[in-house]
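All chains are named by letter (A, B, ...) in the order of the sequence lines, taking the proteins before the strands, and each is independently numbered beginning at 1.
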2 protein chains.
Amino acid sequence: MATIRDVAKLADVSVSTVSLALSNPARVSQKTLEKIRKAIAAVGFVADPLAQSLARGRSRMIGFVVGNVGNPFFGDIRRELENYALDHEHFVVVTDSSGKTDRERAMVEHLIGLKTAGLALAPSGYDQDYIEFIAGLNVPIVCFDQKVAGIERDFVGSDNYLAGAMLTEHLLQLGHRRIAFITGPSHMHTATERYRGFAETMINAGVDVNPNFIVDGQFTRTAGYEAAMRLLIQHERPTAILGANNTVALSALQAMQELGFRCPEDISLAMIDNVQWSSVITPRITMVVQDTLALGSIIARRLMHRIRSPQGAVEPPEDFVLAPKFVPGNSCRRV
Amino acid sequence: MATIRDVAKLADVSVSTVSLALSNPARVSQKTLEKIRKAIAAVGFVADPLAQSLARGRSRMIGFVVGNVGNPFFGDIRRELENYALDHEHFVVVTDSSGKTDRERAMVEHLIGLKTAGLALAPSGYDQDYIEFIAGLNVPIVCFDQKVAGIERDFVGSDNYLAGAMLTEHLLQLGHRRIAFITGPSHMHTATERYRGFAETMINAGVDVNPNFIVDGQFTRTAGYEAAMRLLIQHERPTAILGANNTVALSALQAMQELGFRCPEDISLAMIDNVQWSSVITPRITMVVQDTLALGSIIARRLMHRIRSPQGAVEPPEDFVLAPKFVPGNSCRRV
DNA sequence: CGGCTCTATCGAACCGGTTCGATTTGATCA
DNA sequence: TGATCAAATCGAACCGGTTCGATAGAGCCG
């Protein structure tokens, strides 16, 4: 590999002039610029990003940290960020923590070690230790999905209260009263907000929330399946199930199918968040979806703004909260 | 951040001794080792990975390059690789080319620039230019999924001919004769092999392959949908459709549902490769799946072997081809 | 023509490690 | 006690860039 010194030698100028020509061409004379240009072409010089990062103390990489890159929600956001970053000569490094806080932390530390220019982070931690860890990072960070109380960073996400409330209201309008809710982990902001949207809408409508109808699905497949089973074996069964995310709702659908319940004839089902191939899942699940493209776009712009503009770096953190969208399916029937 | 020089000063030894102590403790005396250990703890020293990579000419990162991280096939492999790499103090950097060859190339180049220790690559290119590009990379590489003729690297994948043949035989046994096949891109090894498995099995069974029943689905959703529609509007319709991958098959299911065809009553459907939530898709699609865990495990071990052991680096490339597995669903009926 | 200001270029230090040949230390043996 | 040799440690060069103060030269003015 050709180095900058090869170029300098061939162009008969100093190494620092070549470096200057590359980073700030206006400050180098036309004649010299031309010599350097030719030399670069002749030896096929490409600057070593590692050496640049070391010297500059900053790389052109953006870290993307989520719990599950396979989730289409994160996938869409990743794509948006990647496209935008690529347009601005930055490169996205994707890491997947599998939802484990300690692994996420190790990955963030690694990315910091790589002197990434910025981080797009869907936080999975929530305790004081974690908050301090994030606070201590001296890098532009845009958090998304999970709003963690105490983290003073830009946040981009959806109105989860509204999401829960919308589906609840929909079911109420269809005449349902015995509505069950499969929750997510109580430490997750999305989970609690969605539940709050459900519970408050119920109360406001004067409908009692049956504690037996609130089961914990942990946002995971196994827990969601188990939670759904607990609902289905009750004698006084719910007439509708609301899944706090796609995973628990589809686990519930599976449980229903396995036990022989028909959806929506026997039990209605609704969920928050889309899933790949939802269009071929029978019945099509009624859902509230997040505007992933808009979220991704905001994350990308906000992060690049902080990275690129000097004053962008010191702007106070801001929250961007988007409204979710109702997507009717045929998994909810009138009772 | 504390540097190695801070450690050296505090421990009252030279910088090179500290470096040696870190990389090869056996060659440093107990006494000195202890001093250094204390100094490291005192100043909170952590080696800068960037500086290490620059000096060593090699980092502890592994590049994972695929066309679609959202595909559970790649997701499973990624997870296996990640777990194994983490156990061996390596860190996986995921990149997604969205199936675009030029972007994949840019990403590989970037990863090379990062001096990654090795690459797990699901190639998307196939022309001479691409082959030379890959050949020119002086880094351990394990290719998977697509076997590209001309690339002299380790390859890990499934027996795609067998996969196509298995499903074809299954449909033949159920009495189907008018079997349609939705293909993938003709430059993809997986696509041609699966088709070959289909076609030869048909011919061996003495069944003519109707050219109208071979449509190109490009392994994509839009092309698959269109291809399926072309099948469904024919007067002499197929009694069964075989999708060369999950995407085209599910696109076909969607097309069937939209036009009002019932599966499997009107048309049977089978596919190669699993998809998330296949268990709640009605009907459950009969499929042949790849052993993603085993594939991922082999990829991980092979790559780490080449990275770590000196002789591993020079071993001749090897192919690892696993047999796929038949997973019955209820999307194929006897005719 | 001397003095002054700009502009263009350069040299050296630096980022934070690794590596390897050279040197010191200490033990062993004649 | 001095020679020999292995083990321990060190110094300097290096990886490939960036940065900034210093310097040389060009252009302008009085």
Side-chain angles (χ1 to χ4, degrees), chain A residues 1-37 39-40 43-61 89 109-110 112-117 138-139 310, chain B residues 1-37 39-40 43-61 89 109-110 112-117 138-139 310:
Chain A
M1 253 302 135
T3 75
I4 198 172
R5 302 181 208 261
D6 300 330
V7 174
K9 198 172 296 173
L10 190 61
D12 196 32
V13 294
S14 76
V15 168
S16 48
T17 303
V18 178
S19 179
L20 189 63
L22 254 29
S23 61
N24 194 352
R27 284 191 44 197
V28 176
S29 74
Q30 278 303 318
K31 208 180 57 196
T32 312
L33 219 47
E34 186 57 19
K35 278 196 302 183
I36 292 175
R37 206 190 50 69
I40 286 176
V43 301
F45 168 76
V46 179
D48 182 329
L50 238 43
Q52 280 185 313
S53 303
L54 179 61
R56 284 207 250 253
R58 204 77 302 164
S59 79
R60 289 195 163 288
M61 294 186 283
E89 308 166 287
E109 270 165 358
H110 196 105
I112 297 296
L114 256 32
K115 307 214 172 27
T116 41
N138 185 26
V139 163
Chain B
M1 253 302 134
T3 75
I4 198 173
R5 301 182 209 262
D6 300 331
V7 175
K9 198 171 296 173
L10 190 60
D12 197 30
V13 294
S14 76
V15 168
S16 48
T17 302
V18 178
S19 179
L20 189 63
L22 254 28
S23 61
N24 194 351
R27 285 192 42 197
V28 175
S29 74
Q30 277 304 319
K31 207 180 58 195
T32 312
L33 220 47
E34 185 56 20
K35 278 197 301 181
I36 291 175
R37 208 191 48 68
I40 285 177
V43 301
F45 169 77
V46 179
D48 182 331
L50 237 42
Q52 280 185 313
S53 303
L54 180 61
R56 289 203 183 124
R58 204 85 294 170
S59 79
R60 289 193 164 288
M61 293 186 283
E89 309 165 286
E109 270 166 358
H110 196 105
I112 297 297
L114 255 33
K115 307 214 171 30
T116 41
N138 185 26
V139 162

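Listed nucleotides: dC15(C), dC10(D), dT9(C). Nearest to the side chain of Ser16(B): dC10(D). Comparing dT18(C), dT9(D), dG16(C) by their closest approach to the side chain of Val28(B) singles out dT9(D). If you check dG17(D), dG16(C), dG11(D) against the side chain of Ser14(B), the one that comes closest is dG11(D). In this structure, the nucleotide among dG17(C), dA8(C), dG17(D) sitting nearest to the side chain of Thr3(B) is dG17(C). Of the candidate nucleotides dG17(D), dT18(C), dC10(D), dT18(C) has the atom lying nearest to any side-chain atom of Ser19(B). Among the nucleotides dT18(D), dT9(D), dG16(D), the one closest to any side-chain atom of Leu54(A) is dG16(D).
Environment of CG in Asn138(A): sparse, with no more than 12 heavy atoms of neighbouring residues, nucleotides or ligands closer than 6.0 Å.
Distances shown here put a side-chain N or O of Gln52(A) below 4.0 Å from the OP1 or OP2 atom of dT18(D). A close approach under 4.0 Å does occur between a side-chain nitrogen or oxygen of Arg56(B) and OP1 or OP2 of dT18(C).
Across all non-hydrogen atoms, the minimal contact from Val7(A) to Phe45(A) is CG2-CB, 3.5 Å. Smallest separation of non-hydrogen atoms from Ala2(B) and Val43(B): CB-O, 3.4 Å.
In this structure, Lys31(A) does not pair ionically with Glu34(A), as no charged nitrogen and carboxylate oxygen lie closer than 4.0 Å.
Among the protein residues, Val46(A) comes within range of the sugar-phosphate backbone only, with heavy atoms under 4.0 Å from sugar or phosphate atoms but none that close to a base.
One can place CG of Leu33(B) at 14 Å from C1' of dA7(D), the figure rounded to the nearest angstrom. Summarising the geometry, the separation between CG on Leu114(B) and P on dG16(D) is reported as 15 Å, rounded to the nearest angstrom. In this structure, Lys115(A) places its NZ atom 8 Å from C1' of dC15(C), rounding to the nearest Å. Rounded to whole Å, atom P of dA7(D) lies 15 Å from atom CD of Gln30(B). The NZ-P distance, from Lys9(A) to dG11(C), rounds to 13 Å in whole Å. Leu20(B) has its CG atom 14 Å from the C1' atom of dG11(D), to the nearest Å. Atom pair Phe45(A):CZ and dT18(D):C1' shows a separation of 12 Å (rounding to whole Å applied). For the pair Leu50(A) CG and dC14(D) C1', the interatomic distance rounds to 15 Å; values are reported in whole Å.
For Arg5(B) against dG17(C), a side-chain N or O and a base N or O form a donor-acceptor pair under 3.5 Å.
Here the CZ atom belonging to Arg58(A) is positioned 10.5 Å from the CG atom belonging to Leu50(B), to the nearest 0.5 angstrom.
Looking at which nucleotide of DNA chain C each of Ser29(A) and Val15(B) is closest to, the 5′-most match is held by Ser29(A). Residue Val13(B) is the one, among Val13(B) and Asp48(A), whose nearest nucleotide of DNA chain D lies closer to the 5' end (criterion: closest heavy atom).
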